[in-house]
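The first residue of the sequence shown is numbered 1, and numbering continues consecutively from there.
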Amino acid sequence: MKTKIKRWGINGEGIAYSNKKAVFVENAIPDEVVDLTITENKPNYAIGKVNQVLEPSPRRRQPMCPHWEKCGGCSLMHVDYKGQVRMKLQVLKEALRKYADYTGPIEPLLKNPNPLGYRNACKLPFGKANGKITTGMYQTGSNDYVPVDRCIIHTKKLEKVRNEAGDLLNQFDLPVYSKADPKGLMYLVLKEYDGQVYVILVTTPMELPEKLVNDILSLEDVAGLWQSVKTPEDPEYELFGSQMIHLGGRMSMELNLKDFKLNLLPRSFFQLNTAQSISLYETVASMIPEHSRLIVEAYSGVGAISLFVGDKADKVIGIENVEDAVASANENALANGKSNVHFVCADAAAEMKNIAKKEHIDTLIADPPRSGLSSQMRDAILKAGPETFIYVSCNPATLAKDIAHLSREYEIKKVQPVDMFSQTPHIETVVLLKRKG
């Protein structure tokens with residue numbers, strides 16, 4: 001069928017309509033006329049595949065990565081940066097209108113100064129291709145492994161170490177994990193901070209050759225090496241196993257973040273675009289009222305946001321349920337002279353209630369996972385009643401739904417989108433909410 005693409009979908013696909021039914025079309029851009037085939041016809045929607053772009057959008061470009069369609073990690077690689085910005089703002093605007101009934105102003109998106117080569121961390125499954133150990137991705141929506149020899153959104157140093165480590169691994173006869181043969185190398189995890197790369201090999205129970213360990217540690221840019229051992233008892237959805245073995249190099253990962261020096265443990269999550277994360281944290285800090293007595297940060301991770309806002313309040317309490325992250329956060333507060341900043345390991349909703357029983361929370365900051373706030377957390381916010389609530393979100397749909405639940409007590413005062421992950425449909429948003437009345 002010949003049709004016109006009307007708008008963007010949340011995953012970077014184009015949306016056309018057939019008999020008033022939405023047709024999701026991968027790799028299509030709004031305003032394009034395409035010839036497509038319906039590949040799946042569901043009761044409420046359909047999925048189409050482009051046969052030919054008949055009238056291309058001026059925003060269409062030739063993708064720079066040869067793996068982009070199979071890999072699926074960068075579903076906007078065929079769209080120029082101006083088009084990507086438009087897509088993200090449209091998705092955010094529609095989510096806020098649809099779920100939160102918000103049609104007010106949205107600030108201009110804070111653009112990523114480096115749309116390529118910005119990602120300083122990766123977790124790539126191991127596989128085999130032509131008898132060699134490789135790293136790559138699983139094709140979108142499948143378990144089909146796609147070897148990726150180069151990723152252009154990774155930093156150059158990350159890619160350099162990935163290739164060098166791959167060459168070293170291929171000097172040894174090591175098994176590679178698969179569903180059919182579930183033992184061996186599972187994931188290669190790399191994190192780059194301040195020009196130093198930290199390597200984590202996720203494996204099933206196995207002993208790594210001593211020469212391999214020494215060779216990886218001898219690489220010019222490698223600062224530390226760990227083995228994470230994953231057993232059948234460990235949750236499948238968790239990347240790391242319960243056992244983390246330090247094999248050499250630095251015991252923790254060091255990161256300078258503007259005026260702060262952070263130490264992170266291997267399990268600790270940190271933003272995958274360190275440079276742009278500073279813009280995000282400064283945005284949060286700019287929204288905090290002067291003279292706050294108590295700021296609480298829920299889902300505080302390694303404590304970066306709490307450190308950035310430490311001078312804005314008499315006391316800052318961060319809540320995080322990952323023990324390693326809490327340990328790192330408290331060490332970071334101490335090392336950076338922030339004696340008024342403290343972190344506790346607890347469930348966010350339960351600890352919010354405990355804190356609110358003892359003292360009034362002036363400002364709450366929450367940076368939850370993509371699933372958004374739990375119903376318990378929304379209830380805890382309404383009961384605690386902080387005057388200011390700053391919501392940092394990586395998912396416009398759950399952001400808007402949560403705001404709708406809180407709308408009887410809170411109203412939106414500012415919406416600031418941030419582009420952290422160029423070439424992908426993901427958008428980070430900071431929303432300032434104030435208590436009504």
* To do: For the pair Phe308 and Phe260, evaluate ring-ring contact (aromatic ring centres under 6.0 Å, His included) and give the outcome as yes or no after the intermediate values.
  => CA-CA 8 Å; Phe308 262 74; Phe260 304 106; 5.3 Å; yes
Does any part of the side chain of [Y], heavy atoms only, come nearer than 4.5 Å to the side chain of [X], both counted from C-beta?
X      : Y      : answer
Phe126 : Leu169 : yes
Met206 : Lys183 : no
Leu262 : Leu307 : yes
Leu158 : Cys151 : no

For this session: Begin with the C-alpha distance, continue with both residues' side-chain angles, and end with the deciding distance and a verdict on salt bridge (Lys or Arg N to Asp or Glu O under 4.0 Å) for Lys434 and Glu411.
Result: CA-CA 6 Å; Lys434 289 285 189 178; Glu411 59 185 347; over 6 Å; no
The side-chain contact (heavy atoms from CB on, under 4.5 Å) partner of Thr429 among Val418, Ile106, Val415 is Val415
The side-chain contact (heavy atoms from CB on, under 4.5 Å) partner of Val316 among Ile365, Leu294, Ile295, Asp311 is Ile295
*asked:* Could you check whether Lys401 makes a cation-pi contact with Tyr99, meaning its NZ or CZ is under 6.0 Å from the centre of the six-membered ring and within 45° of the ring axis?
replied: yes
The reported gap from CD in Gln276 to CG in Asn120 (rounded to nearest 0.5 angstrom) is 12.0 Å
| query | Do Lys111 and Asp419 sit within salt-bridge range, that is, some charged N less than 4.0 Å from a carboxylate O? | reply | no
SB check Glu387 Lys413 (cutoff 4.0 Å) = no
